[in-house]
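To start, the structure itself, in structure tokens.
Nothing here was measured: the structure is a model prediction, and the numbers come from that model. Worth knowing before you read on, the calculation uses all heavy atoms, side chains too, and leaves out hydrogens, waters and symmetry mates. Numbers restart at 1 for each chain; the letters A, B, ... are given by sequence-line order, proteins then strands.
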2 protein chains.
Amino acid sequence: MRIAVLGTGMVGRTLAAKLDGLGHEVVIGTRDPAVTNARTEPGGFASLVMNATSGSVAMAALAAAGEAALAGKVLIDVSNPLDFSRGMPPTLDPVNTDSLGEQIQRAFPAVRVVKALNTMNCQVMVEPGRVPGEHNVFLCGNDESAKQAAAELIGSFGWPAGSLIDLGDISSARGTEMLMPLWLRLMGALGHADFNFHVPHS
Amino acid sequence: MRIAVLGTGMVGRTLAAKLDGLGHEVVIGTRDPAVTNARTEPGGFASLVMNATSGSVAMAALAAAGEAALAGKVLIDVSNPLDFSRGMPPTLDPVNTDSLGEQIQRAFPAVRVVKALNTMNCQVMVEPGRVPGEHNVFLCGNDESAKQAAAELIGSFGWPAGSLIDLGDISSARGTEMLMPLWLRLMGALGHADFNFHVPHS
């Protein structure tokens, strides 16, 4: 599959390397004109997009990718709206009554946004076996077939089918983004990022 | 131990019944004058307090209990600042840059606040075996001996020692309170409340 990864930080590079290793054709989203030109090549920009930008620039990165290039595509949004402007620890913006996932879906209504994988370190995203035992990926989005496509791609990363939990529409992204403050405290308490959330239930 | 439970809703009643079953002397915090009078009885109000009020009235309930009665006591705060005024699903107030746990600690500086158990249904609080496998209780607070006392009481409810995770000072309560939106979505997705969070890690 031709997959565009937006974001050239650690999350984007980790996802791009994994996708490349799985045999996908990976387009890295930068402001490089060569990438911009690739949008107009035969075959198009990509059939699936992963947003791995830092949350504060996600909207700008998607605008740069272009609404026309993104229309109809599945966009897996792994970003979190961390706001470092108040100092440490970062806070969230938006939060509580809105989420970055919802903002992206509203700004790009023709894009099929799936919020997923944003509740863990990027190494765990692409290698779930780093964390022992069962643990989960949460999926949020308005489009069932987009969630199915996201689930298949995530499954190819090594996640068992039973580890994916569909939380509902894109407004449920608020809950997963609001996990960040707890995630950051857990990283501090455990001293590393090789952990994840699991939801055991009866 | 003499333990005061503030809040007469389902959470308060469930905790009070468990504490009674464990042989504690339980004082239920209401506006009933008999309870108010109990504060001045020999032996005092209680040696430990559990705040199980709904978040929006927590501050008023603690003020009614009285700063003098609470001073020096361990207060286990199991409440969440759910705001139903915007309709469903509830939002949080405070959130992100503050928490109810921190508000209580600031308003009652002589109280030794421990935020705990607020990330699960009250049935699970007092009977962790309802949820299969390992799962966790998060502890947040500024006073180490208060966290130790809270851990002992929570342990007596059936929680293995290894299931408690100390997140740090009371500001880490933000992270646990901000789990609520995800918890509510999970209840919707699973169709029941017999679940909890587990943090597997390497």
Margin query: Counting only non-hydrogen atoms closer than 4.5 Å, does A:Glu134 touch chain B with its backbone (N, CA, C, O), its side chain (CB onward), both, or neither?
Written below: backbone
Next item on the list: May I ask you to check whether over 12 heavy atoms, not counting those of B:Arg106, lie within 6.0 Å of atom CZ?
Entry: yes
Notebook entry, point to check: Is it the side chain or the backbone of A:Asn96 that comes within 4.5 Å of chain B heavy atoms, both, or neither?
Noted result: both
Checklist line | A:Ser145-A:Gln148 side chain donor-acceptor pair, cut-off 3.5 Å | finding: no
Next item on the list: Assess the side chains of B:Ser171 and A:Arg185: does a donor N or O sit below 3.5 Å from an acceptor N or O?
Entry: yes
Note to self: Closer than 4.0 angstrom, basic N to acidic O: yes or no for B:Lys115 and B:Glu177?
What the structure shows: yes
Checklist line | Worked check of ring-ring contact (aromatic ring centres under 6.0 Å, His included) between B:Trp183 and B:Phe195 | finding: CA-CA 9 Å; B:Trp183 189 93; B:Phe195 65 88; 5.2 Å; yes
Next item on the list: Give the member of B:Leu179, B:Thr91, B:Val131 that has the highest number of heavy-atom pairs under 4.5 Å with chain A.
Entry: B:Thr91
Note to self: Does any backbone or side-chain atom of A:Val199 lie under 4.5 Å from a heavy atom of chain B? Answer side chain, backbone, both or neither.
What the structure shows: both
Checklist line | Top of A:Ile165, A:Asp83, A:Leu190, A:Val124 for chain B proximity - count of heavy-atom pairs under 4.5 angstrom | finding: A:Leu190
Note to self: At a heavy-atom distance under 4.5 Å, which candidate from A:Pro89, A:Gly175, A:Gly133, A:Cys140 has the highest pair count against chain B?
What the structure shows: A:Gly175
Notebook entry, point to check: A:Asn136, A:Leu186, A:Asp166, A:Leu182: which one forms the most heavy-atom pairs within less than 4.5 Å of chain B?
Noted result: A:Leu182
Item checked: Between A:Pro181, A:Gly168, A:Ala193, A:Gly188, the one whose heavy-atom pairs under 4.5 Å with chain B are most numerous -> A:Pro181
Checklist line | Part of B:Asp169 within contact of chain A (heavy atom distance under 4.5 Å) | finding: both
Item checked: Polar side-chain atom of A:Arg112 near backbone of A:Asp143 as donor-acceptor pair, under 3.5 Å -> no
Note to self: We want to know whether B:Asp77 and B:Asn51 form a side-chain donor-acceptor pair, criterion being a heavy-atom distance below 3.5 angstrom.
What the structure shows: yes
Next item on the list: Return the option, out of B:Val95, B:Thr176, B:Asp93, B:Leu184, with the maximum number of heavy-atom pairs under 4.5 Å with chain A.
Entry: B:Val95
